[in-house]
Amino acid sequence: MDDQTRMLGLGGLGDVGDPDAVRKQSLGQPQQDIGDILQQIMAITDESLDEAQARKHALNCHRMKPALFSVLCEIKEKTVLSIRGVQEEDPPDPQIMRLDNMLLAEGVSGPEKGGGSAAAAAAAAAAGGSPNDGSIEHSDYRAKLAQIRQIYHSELEKYEQACSEFTNHVMNLLREQSRTRPISPKEIERMVAIIHRKFSSIQMQLKQSTCEAVMILRSRFLDARRKRRNFNKQATEVLNEYFYSHLSNPYPSEEAKEELAKKCGITVSQVSNWFGNKRIRYKKNIGKFQEEANLYAVKTAVDAANVSAQASQANSPATPNSGGYPAPCYTPDGRL
DNA sequence: GCGTATGATTCATG
DNA sequence: CATGAATCATACGC
């Protein structure tokens, strides 16, 4: 029953009472006529289903119907839509803009390869670490990112498709219904906007979770920096040689660090790390490093001896030892 | 598995 | 900003 009234757009017509408008629309029809029609419409709810159907049909065929419809549309526009109009403004959501920017920056939503590799390269640069396993992590990261990217795009497409499908469906429905109840094109437009808003909020969730996934991936990738990989033997040898031969002042200059880095195939900051760790650990437990110290002292001495022998010069290498760091005690077989 | 070694990170300091 | 100190987290050798 209630359906009938709603079908005729009478749901919220308690305040229809604008006789002037109706009169103007009726183009000189007697007001009595309008009153009759309204009376009939209102009475439909009290009739049986069959009676109501018949009445509806009769009213639909009434010559006044188009005029009445347009009036009802107008009234609806003024009341319902104006109420809704208050909450109409939707400024470009800062949240979604942030998400969009981030997805773009991470290379998830941008152009195919460029963004992705750029982000990965940036991450790799941030990692600033060993170039050997860097490529492995790099490709791993890229693969994961591509996966996220693919899911994101397929989901997005799905949403978009669903949105347009649903919009079409609703629009068709409303258009169809507009034959039986007063629906203005503006209202349809508004409904479409509402649907789009709803879908974009779903999209935002997708974007948000994608962002989260990227962040997790990224943090895991950056954490990989901590995945310690020992320097190769030759590198530690070079570093130790320098350290023990400069035990009095084991603070390599920037140039020295660069050279050491180049020799060892590591970065300058890794050299700094190494020396930082070495100094503190050496100082903390000199005894433990005694053996090592002697070993390298011998080694450098031998090297120096070789060099001087090659140069056929007898000046013994100066063992630089006079600084804050305690000297190793040389064992007899060290022969020094 | 466990203890130690070791590279990296963090935080305070000057 | 370089360094020291503490700490984290993994690698490595047993």
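Below, chains carry the letters A, B, ... as their sequence lines are ordered, and counting in each starts from 1.
For the pair A/Phe289 CZ and B/dT4 P, the computed distance is 14 Å after rounding to whole Å. Following rounding to the nearest Å, A/Arg281 (CZ) and B/dT9 (C1') show an atom-to-atom distance of 12 Å. Protein atom CG of A/Asn277 is 13 Å distant from nucleotide atom P of C/dA6, rounded to whole Å. With rounding to whole Å, A/Ile280 atom CD1 is found 17 Å from B/dA12 atom P. Here C/dA5 presents its C1' atom at 16 Å from CG of A/Asn285, a figure rounded to the nearest Å. Taking atom CZ of residue A/Phe231 and atom P of nucleotide B/dG7, one finds them 5 Å apart after rounding to whole Å. Note: CD (A/Glu255) to P (C/dA2) measures 13 Å, nearest angstrom. Rounded to a whole Å, the CZ atom of A/Phe243 is 14 Å from the C1' atom of C/dT3.
Regarding contacts with the backbone of B/dA8, a side-chain N or O of A/Asn273 is found under 4.0 angstrom from either OP1 or OP2. An OP1 or OP2 oxygen of B/dA5 is reached within less than 4.0 angstrom by a side-chain nitrogen or oxygen of A/Lys288. In terms of phosphate contacts, A/Lys278 brings no side-chain nitrogen or oxygen within less than 4.0 Å of OP1 or OP2 of B/dT6. Note on A/Arg279: a side-chain N or O is less than 4.0 Å away from OP1 or OP2 of C/dG4.
Other residues, nucleotides and ligands contribute only 12 or fewer heavy atoms inside 6.0 Å of the NZ atom of A/Lys263. For A/Glu155, the CD atom is densely surrounded, since the number of other residues' heavy atoms within 6.0 Å is greater than 12.
Classified by interplanar angle (parallel below 30°, tilted 30° to 60°, perpendicular above 60°), the ring pair A/Phe275/A/Tyr242 is perpendicular. Note on ring orientation: taking the six-membered ring where Trp is involved, the planes of A/Tyr296 and A/Tyr244 are parallel (angle under 30°, cut-offs 30° and 60°).
At least one side-chain heavy atom of A/His196 sits less than 4.5 Å from a side-chain heavy atom of A/Thr167. Counting heavy atoms from C-beta outward, A/Phe231 and A/Val271 have side chains that stay 4.5 Å or more apart.
Axis angle, first five pairs versus last five pairs of the helix from B/dG1-C/dC14 to B/dG14-C/dC1: 10°, rounded to 10°.
Looking at residues two or more places apart in sequence or on another chain, you find no salt bridge (Lys or Arg N to Asp or Glu O under 4.0 Å) involving A/Lys262.
With DNA chain C read from its 5' end, the first of the two nearest nucleotides for A/Lys284 and A/Glu254 is the one closest to A/Glu254. Comparing A/Phe275 and A/Asn230 along DNA chain C, the residue whose closest nucleotide (by nearest heavy atom) sits nearer the 5' end is A/Phe275.
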